[in-house]
Amino acid sequence: MLPRGFYQRPTEQVALDLLGCLLVRTIDDGAVAVRITEVEAYLGIDDPACHTFGGRRTARTETMWGEAGFAYVYLIYGLHSCLNVVTVGNDVPEAVLIRGGEPVMGTPTIRRRRGPRIAAAALTDGPGKLCQALALTTIDDGADLCDPGAPLVIRDGVTPVGLESVERLPRVGVDYAGSAATWPLRFRLRR
DNA sequence: TCTAGGATCGGCT
DNA sequence: GCCGATCCTAGAT
């Protein structure tokens with residue numbers, strides 16, 4: 001399991017290093033693991049696309065202002081959840097959005113949660129889809145990812161990820177953020 | 001209180 | 001590729 005110190009580093013570095021890691025979700029309903037293939041960095045108060053831009057601190061974003069290594073889960077478009085991991089910590093409210101992955105364990109459970117008619121490639125290839133596959137909702141906001149007994153933890157990947165296999169792209173859906181919309185803070189594993 | 005808009009998804013054309 | 005669903009959040013009043 002990744003230790004707290006992993007998350008207490010610059011957000012872009014954490015985002016890169018999360019690629020290839022395993023998201024392991026253990027609840028009664030069924031254990032599931034997903035290999036992270038796509039993430040986005042959100043750089044706090046100086047990032048117009050970030051929920052904490054300009055120092056915004058509300059009930060929703062409170063988790064981002066807390067310690068690193070905790071899950072920040074919020075609801076988007078009134079119906080989808082998105083999973084982030086808080087980075088840096090100590091009143092530096094930055095985070096990495098987990099945008100997608102590929103199932104490596106518990107695929108039948110994922111399919112049961114996602115629906116029988118969903119194509120295999122579309123089971124966990126978006127932030128909302130990922131949360132549905134892992135049965136994550138805003139109830140899980142504030143969960144500690146560094147607690148060995150937690151129902152959601154992140155483990156180091158089995159095979160190391162080389163920089164040459166990582167694409168850097170602009171972030172998705174943040175056109176409202178002006179020039180920050182073009183910042184290359186989206187990282188994706190080539191396939 | 002009220003209102004505009006959103007870090008998306010999936011079905012349909 | 002387009003578009004509607006759906007309701008919470010945050011800022012304004």
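Note that the structure is predicted; figures quoted are calculated from it, not measured. Quick note on labels: first sequence line is chain A, next is B, and so on, each numbered from 1.
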Can you tell me the distance, in whole Å, between the [atom1] atom of [X] and the [atom2] atom of [N]?
X	N	atom1	atom2	value
A:D125	B:dT8	CG	P	12 Å
A:D175	B:dG5	CG	C1'	14 Å
A:L130	B:dA7	CG	P	18 Å
A:H80	C:dG4	NE2	C1'	11 Å
A:R171	B:dT8	CZ	C1'	17 Å
A:R117	B:dC9	CZ	P	19 Å
A:E40	B:dT8	CD	C1'	12 Å
A:L136	B:dA7	CG	P	19 Å

For the pair A:R168 and A:E12, find out whether any cationic side-chain nitrogen is under 4.0 Å from an anionic carboxylate oxygen.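 Result for this pair is yes, salt bridge flagged.
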Side-chain N or O of A:R186 less than 4.0 angstrom from OP1 or OP2 on B:dA7?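 Answer no for this pair, as no side-chain N or O of A:R186 is under 4.0 Å from OP1 or OP2.
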I want to check one thing: is the phosphate of B:dT8, taken as OP1 and OP2, less than 4.0 Å away from some side-chain N or O of A:R99? yes
Check step by step if side-chain hydrogen bond (donor to acceptor under 3.5 Å, both in side chains) holds for A:R113 and A:Q132. CA-CA 7 Å; A:R113 292 171 180 161; A:Q132 194 181 359; over 6 Å; no
Identified pairing partner of B:dA7, criterion: Watson-Crick or G-U wobble below 3.5 Å: none
If you draw the axis of the six-membered ring of A:Y7, does the NZ or CZ of A:R4 fall within 45° of it and under 6.0 Å from the ring centre? no
Is it true that the NZ or CZ of A:R171 lies under 6.0 Å from the centre of A:Y42's six-membered ring and within 45 degrees of the ring axis? yes
Nearest-nucleotide comparison on DNA chain B, the residue closer to the 5′ end among A:K129 and A:G173: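 Result of the comparison: A:G173.
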Nearest-nucleotide comparison on DNA chain B, the residue closer to the 5′ end among A:V172 and A:I118: A:V172
Atom pair CE (A:M64) and CD1 (A:I45), whose distance is rounded to the nearest 0.5 Å: 11.0 Å
Please answer whether the main-chain N or O of A:A41 pairs with a side-chain N or O of A:W183 as donor and acceptor at a distance below 3.5 Å. no
Walk along nucleotides 6-13 of chain C from 5' to 3' and tag each nucleotide B, S or - by protein heavy-atom contact under 4.0 Å, base first, then sugar-phosphate. BBSSSS--
Proximity of A:Y72 and A:F70 rings by center, below 6.0 Å: no
